[in-house]
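Notes follow once the structure below has been shown.
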Amino acid sequence: HLAKEQATGVQRYDAANDTNTADRLELLGDLRRAIGADDQLSLQYQPKISLATGRVTGAEALIRWQHPTRGRMAPDRFIPMAESTSLIRPLTSHVLEMAVCQAKKWADRGTPIPVAVNVSTRCLLDPGFAAQVFGLLYRTGLPASLLRLEITESAAMADPDRALTMLRALHDGGIGLSVDDFGTGHSSMTYLQHLPVDELKIDKSFVQAMTDSHGDAVLVRTAITLAHNLGLSVVAEGVEDDATVAALRELGCDVAQGYRFARPLSTTDFDLWLADYRAGHTVGAAPRQI
Ligand code: C2E
Ligand code: MG
Ligand code: MG
Ligand code: MG
């Protein structure tokens, strides 16, 4: 009956669908209150590891929502929903604020860790976004080099001219820029060449499959070659085992991120993990077992 709906363009009344809409509206309201409340939303940080030196090169900030009655909500449940409304703006501001404050704490403590924040299309195309980010850096005193923003190609392709202007402003101000989830969505090599980005993150779906599937291994290798030819550093996300680490190192991948090294961690757990990791780690050695 899907085909019929598509053919006529008419959505028939569906009680289940109606419930979903009510559910969605309720969740959006809850999320709006959560942004103001300050005790439900938090960030976890996942380290990125240099495959050449074993050093921690940065951390990605990932949002967590502890809903008062529904419990822990995965970002995939509420980020796309927030992105379809203007709620993504205050949510992103809140995330940036938390991430930049944490990066400043690490820097002040003498262990500077560049922090990466995921930025949605709507924010990237918001003309005031760069000023907001630079205002935040100025207010907190965090050097721009300790902030990185992750965008997707589809975000940049949504309105190429506007996205390019925004990315140039951020990049010229010293903020690191990564293309996230590379290989999913529509890639345009012509366009990638013109983006002022310095890092490419290969989507975990390819990385997770690369040791079992020749096709995925070829895709990973091609992405690494492409990135290096464009002068970009390459991150593999979703690295879960030693076989994948070895394969990535063989292919010359620069950085790995994944459960093999650490899951996304609360700041307390991240500090514990870091102390432990550094204690067991010597430069030049392979990343140690954890
Ligand atoms: P992403 O930016 O591609 O983040 C990587 C996702 O992979 C995270 O899922 C992370 O927990 C997961 N991951 C990392 N290593 C491994 C691994 O070894 N194995 C597996 N199976 N998964 C791994 P998470 O935290 O559920 O976030 C999902 C997506 O939600 C993110 O994908 C990002 O697109 C979005 N997101 C998360 N936080 C934010 C945020 O603050 N703002 C925005 N706009 N989006 C966010
Ligand atoms: Mg990301
Ligand atoms: Mg990603
Ligand atoms: Mg992803």
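As the structure is a computational prediction, the values presented were derived from the model and not from experiment. Atoms within each ligand, like the ligands themselves, are counted from 1 in listed order.
- The option with the heavy atom closest to atom 10 (C) of ligand 1, from among Leu41, Leu62, Thr152, is Leu62.
- Only the backbone of Val239 comes within 4.0 Å of ligand 1, counting heavy atoms alone; no side-chain atom from C-beta on gets that close.
- Take the N/O/S atoms of Glu150: the one nearest the Mg ion (ligand 2) is OE1.
- Between Trp273 and Tyr45, the ring center distance fails the sub-6.0 Å criterion.
- For Phe129 against Leu149, the heavy-atom pair with the smallest separation is CE2-CD1, 4.0 Å.
- Remark: ligand 1 and Tyr259 share an N or O pair separated by less than 3.5 Å (distance only, no angle test).
- Note on Val115 and Leu137: same hydrophobic cluster, where clusters join Ile, Leu, Val, Met, Phe, Trp and Tyr whose side-chain heavy atoms are under 4.5 Å apart, directly or indirectly.
- Among heteroatoms of the N, O or S kind in Glu237, OE1 lies nearest the Mg ion (ligand 3).
- Shown in contact with Glu237 at under 4.0 Å from a heavy atom are these atoms of ligand 1, numbered in order with element: 3 (O).
- For the 3.5 Å distance criterion, the side chains of Asp203 and Ser205 qualify, holding a donor opposite an acceptor.
- Around atom 19 (N) of ligand 1, the closest heavy atom drawn from Arg263, Gln44, Arg122, Glu240 belongs to Glu240.
- Side chain to side chain, Thr222 and Thr225 fail the donor-acceptor criterion of an N or O pair below 3.5 Å.
- Considering all non-hydrogen atoms of both residues, Gln40 and Ala34 come closest at OE1-CB, 3.4 Å.
- The nearest N/O/S atom of Glu60 to the Mg ion (ligand 2) is OE2.
- Closest non-hydrogen pair, Ile224 versus Leu251, comes out as CG2-O, 3.5 Å.
- The number of heavy-atom neighbours closer than 6.0 Å to CZ of Arg77, taken from other residues, nucleotides and ligands shown, is 12 or below.
- Defined by atom type and a distance below 3.5 Å, a donor-acceptor pair is missing between the side-chain atoms of Gln44 and Asp269.
- The residue among Thr92, Ile63, Val117 with a heavy atom at the shortest distance from atom 39 (C) of ligand 1 is Ile63.
- Distances between N or O atoms of Leu43 and those of ligand 1 include no value under 3.5 Å.
- For the 3.5 Å distance criterion, the side chains of Gln257 and Lys201 qualify, holding a donor opposite an acceptor.
- Residue contact check for ligand 1: Lys201 places no non-hydrogen atom closer than 4.0 Å to it.
- The distance from ligand 1 to the heavy atoms of Gln46 drops below 4.0 Å at these ligand atoms: 14 (C), 15 (N).
- For Asp181, a nitrogen or oxygen atom sits less than 3.5 Å from a nitrogen or oxygen atom of ligand 1, counting backbone and side chain alike.
- When distances from the Mg ion (ligand 3) to the N, O or S atoms of Asp181 are compared, OD1 comes out shortest.
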>> Before you tell me yes or no, could you show the steps for Lys104 and Asp108 under salt bridge (Lys or Arg N to Asp or Glu O under 4.0 Å), namely the whole-Å CA-CA distance, both residues' side-chain angles and the distance that decides it to 0.1 Å?
In response: CA-CA 6 Å; Lys104 181 73 167 97; Asp108 287 348; 2.8 Å; yes
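- Considering Ala74, Pro75, Ala236 only, the shortest heavy-atom separation from atom 35 (C) of ligand 1 involves Pro75.
- Here the side chains of Gln46 and Tyr259 are in contact, with some heavy-atom distance below 4.5 Å.
- The structure places SG of Cys253 at 5.5 Å from CD1 of Ile202, a figure rounded to the nearest 0.5 Å.
- Counting atoms of ligand 1 from 1 in the listed order, those under 4.0 Å from a heavy atom of Asp180 are 1 (P), 2 (O), 3 (O).
- The shortest heavy-atom contact between Leu125 and Ala158 is CD1-CB, 4.2 Å.
- Residue contacts with ligand 1 include Gly238, since one of its heavy atoms falls under 4.0 Å from the ligand.
- With respect to the Mg ion (ligand 2), Asp180 has OD2 as its nearest N, O or S atom.
- Close N/O approach between Glu60 and ligand 1 is found [any backbone or side-chain N/O within under 3.5 Å].
- Residue side and main chain included, Asp203 places no N/O/S atom under 2.8 Å of the Mg ion (ligand 3).
- In summary, the atoms of ligand 1 found under 4.0 Å from a heavy atom of Ser120, numbered by their order in the structure, are 44 (N).
- In terms of polar-atom proximity, Gln257 is not counted as a contact of ligand 1, lacking any N or O under 3.5 Å from an N or O of the ligand.
- The proximity of Arg64 to ligand 1, defined as any non-hydrogen pair under 4.0 Å, is limited to the side chain.
- Residue contacts with ligand 1, taken as heavy atom pairs separated by less than 4.0 Å, involve Asn118 via backbone and side-chain atoms alike.
- Residue contacts with ligand 1: Arg260 is excluded, as none of its non-hydrogen atoms falls under 4.0 Å.
- Between the side chains of Asp30 and Trp65, not a single donor N or O lies within less than 3.5 Å of an accepting N or O.
- In summary, an N, O or S atom of Asn118 is located under 2.8 Å from the Mg ion (ligand 2).
- In the vicinity of Gln208, heavy-atom distances shorter than 4.0 Å reach the ligand 1 atoms 19 (N), 20 (C), 21 (N).
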